[in-house]
Chemist: 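I am attaching a structure below and will ask some questions about it afterwards.
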Amino acid sequence: MTEERPRRRRSGKRCTTDPLLRIVRSIREETGELLDAQTQAGTPVAFETAHGAVITAWVHTPEKLVRPDVLLELHGGGFALGDARKQDTLLEWAATRYGLRTVGLDYRLAPEHPFPAAYDDVVDTLAALADGSLLGEPARGIHILGYSAGAQLALSAAALGGTPVESLLLYYPFVDATKVPDREVARDMDLPYDLMEAFNRWYAGENDPHDPRISASELSDADLAHLPHTMVFPVVDDALTASSARLVARMRRAGVDVRWNPVKDTYHGYVEDMVNGEVYTALNPPDLIEARGSSSPDAAYATLLTGFTWLLGGGCSDALPFFVRHALEKPGDE
């Protein structure tokens, strides 16, 4: 492994006739520029996976390392968007407060890298954490924090990837690429319908979306029984919540210790947005931010504190919570 400043991922060829892909590539570029301008607390570690890909993990190591386990974070973005640096402040806070290493993974993105690229990256990273090749010593216990598409990767990798995982903390999970929710239930404040359809198509590529490595909803009962104890924070009225609720019901029947905590008055993606308000406000129009209301910072505060307490306990330091130091200004604030 090598520690170096990685080059920002490029979106591949710029010429495309797909208007949604042009938008996605534009978002990637703008997000990257914003994050390039931010100071990152995490250390970038570029490493070659077992499948020959070179990817980057952003590693946060506390000054006082008191726990041998590791928290791996998998960002959301429909497998086509997302950057581990966006949650830098959250992972640094968690590392300091709980005294363990936290790792944000920049897995490869579709459609340039369709399935199984992202899945393989996560499975290979878990193996590298377990055998010590990524951090220099084996992790004695791995927890996964996943949002949306990252939650899908967490579920499938934990069930099928071969590396034991201690626990899963999942926010607004995406679990079913076999179909798109009814257009009537899709809210633009969450994920626009056409974008959901494109994410599914780009990620599956030429592969069968019923593959359980693509859709956790297709995991067998026997595979579900391999999952560790899990906490889920779905968003009420999110079009993706119904499919994750069905999966959670199956997990319970398979004997998995799983907790279901629906969150009201917010939107799909709120956690990742609230932990980096600078990027969120730069990328979203004021009318959309206003339509989403003002309760999302409080929701992020409450659910992250609840989730991390369940996942890692009470903490070993008095580190000031990231959401106090980096509160999101409400639209219209001076």
Side-chain angles (χ1 to χ4, degrees), residues 3 39-45 56-76 84-106 122 125-126 128-132 134-147 150-151 153-155 157-158 163-172 227-233 257-259 261 263 270-272 274-276 297-327:
E3 295 186 5
T39 300
Q40 303 296 320
T43 299
V45 178
T56 299
W58 291 83
V59 179
H60 299 251
T61 303
E63 291 185 7
K64 184 177 181 181
L65 185 64
V66 299
R67 298 175 55 142
D69 45 347
V70 173
L71 173 66
L72 173 65
E73 187 211 50
L74 304 174
H75 65 73
R85 295 177 296 168
K86 188 176 176 185
Q87 287 78 244
D88 176 82
T89 310
L90 170 61
L91 293 181
E92 182 70 9
W93 169 78
T96 301
R97 177 170 174 79
Y98 297 99
L100 82 169
R101 292 186 180 94
T102 61
V103 179
L105 183 66
D106 270 329
V122 173
T125 299
L126 289 171
L129 289 171
D131 67 20
L134 179 53
L135 297 180
E137 59 181 311
R140 294 189 221 162
I142 302 171
H143 315 276
I144 306 181
L145 166 62
Y147 319 92
L153 293 169
L155 285 161
T163 299
V165 173
E166 292 290 319
S167 57
L168 302 177
L169 178 58
L170 309 177
Y171 286 86
Y172 34 88
L227 290 172
H229 59 284
T230 302
M231 179 170 282
V232 183
F233 288 98
D257 174 18
V258 57
R259 308 184 187 193
N261 301 281
V263 184
Y270 73 98
V271 172
E272 294 160 284
M274 295 305 105
V275 301
N276 198 321
D298 289 339
Y301 176 101
T303 60
L304 284 167
L305 199 59
T306 298
F308 274 102
T309 299
W310 169 81
L311 192 75
L312 300 172
C316 60
S317 81
D318 295 324
L320 191 62
F322 75 95
F323 30 70
V324 172
R325 293 186 290 115
H326 297 264

Chemist: Whether the side chain of Arg67 engages the backbone of Arg101 through a donor-acceptor N/O pair (distance < 3.5 Å, no angle test) should be reported.
Modeler: no
Chemist: For residues Leu100 and Leu65, report the shortest heavy-atom separation together with the two atoms involved.
Modeler: CA-CD1, 3.8 Å
Chemist: Quiz question: by atom type and distance under 3.5 Å, do the side chains of Ser317 and Tyr98 form a donor-acceptor pair?
Modeler: no
Chemist: Does one side chain, of Gln87 or Tyr147, offer a donor that lies under 3.5 Å from an acceptor on the other?
Modeler: no
Chemist: How many angstroms lie between atom CG of Leu145 and atom NE2 of His75, to the nearest 0.5 angstrom?
Modeler: 12.0 Å
Chemist: Minimum heavy-atom separation for Ala139 and Val70, please, with both atom names.
Modeler: CB-CG2, 3.5 Å
Chemist: Would you indicate whether the side-chain heavy atoms of Leu71 and Leu311 approach each other to under 4.5 Å?
Modeler: yes
Chemist: Please report the closest heavy-atom contact between Ala130 and Pro138, naming both atoms and the distance.
Modeler: O-CB, 3.1 Å
Chemist: Identify the two heavy atoms, one from Asn276 and one from Lys86, that lie closest to each other, and give their separation to 0.1 Å.
Modeler: ND2-O, 3.2 Å
Chemist: Write down the atom of Pro62, the atom of Gly99, and the distance for their closest heavy-atom approach.
Modeler: CG-C, 3.7 Å
Chemist: Which value, rounded to the nearest 0.5 Å, describes the distance between Glu92 atom CD and Gln40 atom CD?
Modeler: 10.5 Å
Chemist: Over all heavy atoms of both residues, which pair between Val59 and Val103 is shortest? Give the atoms and the distance, please.
Modeler: CG2-CG2, 4.3 Å
Chemist: How far does CG of Leu105 sit from CG of Leu153, to the nearest 0.5 angstrom?
Modeler: 9.0 Å
Chemist: Do Leu90 and Phe308 have side chains that approach each other closer than 4.5 Å (heavy atoms only, starting at C-beta)?
Modeler: yes
Chemist: Do Val258 and Val232 come close enough that some side-chain heavy atom pair is under 4.5 Å?
Modeler: yes
Chemist: With rounding to the nearest 0.5 angstrom, report the CG to OG1 distance, Leu126 to Thr163.
Modeler: 5.5 Å
Chemist: Are the side chains of Asp69 and His143 in touch, meaning some heavy atoms are under 4.5 Å apart?
Modeler: yes
Chemist: First locate atom CG of Leu155, then atom OG1 of Thr230, and finally report the distance between them rounded to the nearest 0.5 Å.
Modeler: 6.5 Å
Chemist: Could you go through the side chain to side chain contact (heavy atoms under 4.5 Å, CB included) check for Glu63 and Thr61 one step at a time?
Modeler: CA-CA 7 Å; Glu63 291 185 7; Thr61 303; over 6 Å; no
Chemist: Just wondering, do Thr303 and Tyr270 contact through their side chains at under 4.5 Å, heavy atoms?
Modeler: yes
Chemist: Flag the pair Met231 / Tyr171 as yes when at least one side-chain heavy-atom distance between them is below 4.5 Å, and no otherwise.
Modeler: no
Chemist: I'd like to check Thr306 versus Phe233 (side-chain heavy atoms, cut-off strictly below 4.5 Å). Are they in contact?
Modeler: yes
Chemist: In Å, rounded to the nearest 0.5 Å, how long is the span from NZ of Lys64 to SG of Cys316?
Modeler: 7.0 Å
Chemist: Under 4.5 Å between any side-chain heavy atoms of Leu170 and Ile144, yes or no?
Modeler: no
Chemist: With respect to Trp58, which candidate in Asp106, Thr43, Asp88 satisfies the side chain to side chain donor-acceptor pair (under 3.5 Å) definition?
Modeler: Asp106
